[in-house]
> 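Just passing along the structure, written as structure tokens.
As the structure is a prediction and not an experimental result, all values here were calculated from the model. So you know, we letter chains A, B, ... as the sequences are listed, proteins then strands, and number each from 1.
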Number of protein chains: 2
Amino acid sequence: MIDHTSLLNSGAVLKKYKRGEFLFREGSIARYYYQVHQGEIKMNNYNQEGKEYIQGIFTKEKSFGEPPLFADFKYPANAEAIVDSEVWQLPKEKFLKFLEENPDIHHKFTSTLALRLYYKAIMVSEISTQEPEHRILRILDYFKKNSDPNTIESNTYKVELTRQQLADLTGLRVETVIRSIKKLEQKGELFIKDRKVYR
Amino acid sequence: MIDHTSLLNSGAVLKKYKRGEFLFREGSIARYYYQVHQGEIKMNNYNQEGKEYIQGIFTKEKSFGEPPLFADFKYPANAEAIVDSEVWQLPKEKFLKFLEENPDIHHKFTSTLALRLYYKAIMVSEISTQEPEHRILRILDYFKKNSDPNTIESNTYKVELTRQQLADLTGLRVETVIRSIKKLEQKGELFIKDRKVYR
DNA sequence: ATGGTTTTATGATCTTAATCATAAAAAAGT
DNA sequence: ACTTTTTTATGATTAAGATCATAAAACCAT
């Protein structure tokens, strides 16, 4: 989202996180702007029984956790490294100062927020009114749409998400996802090769 | 959100809608900024079987449906009048021009977006991992928090939502909401007087 | 006042996804 | 190479909330 030179000039530092490590926790105060440099970060919630809901997965150059920097509230979810990762960290004040000096980038962030709101509106409606197969297709199409176009061969997108991750993104259980995917394959909505899902 | 004088100066008009009338439909292109003047507007989705999900309810002076004005996508939900209402309507271009000329208000919209994202993140996680009673309390507390402080007597908030609306906001069925509310009353989490819920 | 609509209410039954149990294949770590 | 962990897989059972049916109370319109 913000180029490396600008990040460095503004005072950002590159932090390393091990797989499974938390960058911040639900309920804590937002002090930094974060942007993935290497690896994968997920934002998630756990309920009392430990069931996970994944709010989003962020890869190379994607920023996350900005909303509480724009308004006064605490993180609604955790940020956790899915794999060993490197993440740019820029203090809140410096981030906001940078945006003031770069209105064009400020606009980009506004439209990113709007787009994320769009995605959340769709997912919450899906989860509350649609059945498993429908929900799974939505997520697959969302990830397909947001994937690197170069990785899509002959209009076929290879899903790099595990069945468990699909479950945690759709509010389903892993067994339900496995069974639904099989049904979707029978219906011709996707296909499976070497256990990988293609859509 | 935007004061009446500014709205009029920018070229907004006041439109009337009857109860049940749609202001716009899911999938259509956003051409206007909307702000409630009188009445109540809900944004919602219907699935194939007609089951409704209410994304949000907007009252006096609240704006809605702005996200697609900031990025390039179509409405993810409908806007429908809950009661006879009057709504300010300002063409997209004039709205964006107004924001450019008023950076302070632009900031307000950004933080409104951020806050709405916060609410959606909480609701989607609730709906996918929490049980009925928990979800209902969340919604009640959200509406309590966003209610006019003058209407709260001795820290007790009177819920003006119907059981059906609570159901459509939480992805539950009306019977489940009715039964859950009764249980919550037994547990002392809320009380019912003349069929109205107080929290 | 009266008839129609909406809202709240409650019991009975059903259905779907969750849960539980178990295991094999694949991937990762030492 | 071998052990451990993760991921995918499948069958059996359960439970929670949805669905169905019905009705009374409250509200609204004329």
> Please test A:Gln165 against A:Lys42 for side chain to side chain donor-acceptor pair (under 3.5 Å), starting from the C-alpha separation and ending with a verdict.
CA-CA 10 Å; A:Gln165 286 175 331; A:Lys42 65 180 170 185; over 6 Å; no
> Just N and O in the side chain of B:Thr176: are any of them under 4.0 Å from OP1 or OP2 of D:dG17?
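No, B:Thr176 has no side-chain N/O under 4.0 Å of OP1/OP2 on D:dG17.
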> Using only heavy-atom distances, determine whether the side chains of B:Asp104 and B:Asn102 contain a donor-acceptor pair under 3.5 Å.
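No donor-acceptor contact under 3.5 Å links the two side chains.
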> Counting side-chain heavy atoms from C-beta on, which of C:dT19, C:dA17, C:dT8 comes nearest to A:Glu175?
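Selected nucleotide (nearest to the side chain): C:dT19.
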> Atom CD1 of A:Ile127 to atom P of D:dG17: distance rounded to whole Å?
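One finds 16 Å between P of D:dG17 and CD1 of A:Ile127, rounded.
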> Rounded to the nearest Å, what distance is computed from the CZ atom of residue B:Arg19 to the C1' atom of nucleotide D:dC27?
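After rounding, the gap between these two atoms is 11 Å.
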> Would you say A:Lys182 reaches D:dT8's phosphate, i.e. side-chain N/O to OP1/OP2 under 4.0 Å?
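Negative; the distance criterion is not met.
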> Whole Å only: how far is the NZ atom of B:Lys51 from the P atom of C:dT16?
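Distance check: B:Lys51 NZ to C:dT16 P gives 15 Å.
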> Rounded off to whole Å, could you give me the CZ-to-C1' distance for the A:Arg163 and D:dT8 pair?
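One finds 7 Å between C1' of D:dT8 and CZ of A:Arg163, rounded.
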> In whole angstrom, give the distance that lies between atom CD1 of A:Ile192 and atom C1' of D:dA9.
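Atom-to-atom, A:Ile192 to D:dA9, this comes out as 11 Å.
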> Name the nucleic acid region contacted by B:Glu131, choosing base, sugar-phosphate or nothing; use a 4.0 angstrom heavy-atom cut-off, strictly under.
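Sugar-phosphate only.
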> Tell me whether the side-chain N/O atoms of B:Arg195 come closer than 4.0 Å to OP1 or OP2 in C:dT8.
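Checking C:dT8 against B:Arg195, no side-chain N or O comes under 4.0 Å of OP1 or OP2.
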> Grab the CD-C1' distance between A:Glu133 and C:dA17 for me, whole Å please.
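Distance check: A:Glu133 CD to C:dA17 C1' gives 12 Å.
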> Consider only side-chain N and O atoms of A:Glu80 and A:Asn44, and report whether a donor and an acceptor are under 3.5 Å apart.
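Yes, because at least one side-chain N or O of A:Glu80 sits under 3.5 Å from a partner of the opposite role on A:Asn44.
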> Between C:dA17 and A:Arg179, is there an OP1 or OP2 to side-chain N/O distance shorter than 4.0 Å?
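Indeed not, no polar side-chain atom of A:Arg179 lies that close.
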> Does the ring centre of A:Tyr118 sit less than 6.0 Å away from the ring centre of B:Phe70?
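No; A:Tyr118 has its ring centre 6.0 Å or more from that of B:Phe70.
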> Can you tell me the distance, in whole Å, between the CD atom of A:Gln164 and the P atom of D:dA9?
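After rounding, the gap between these two atoms is 13 Å.
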> Using whole Å, what does the distance between atom C1' of nucleotide C:dC20 and atom CD1 of A:Ile178 come to?
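Going from A:Ile178 (CD1) to C:dC20 (C1'), I get 14 Å.
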> Has B:Arg116 got its NZ or CZ under 6.0 Å from the middle of the six-membered ring of B:Tyr119, at an angle within 45 degrees of the ring axis?
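No.
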> Can a side chain N or O of B:Arg173 be found less than 4.0 Å away from OP1 or OP2 on D:dT19?
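Checking B:Arg173 against D:dT19: at least one side-chain N or O falls below 4.0 Å of OP1 or OP2.
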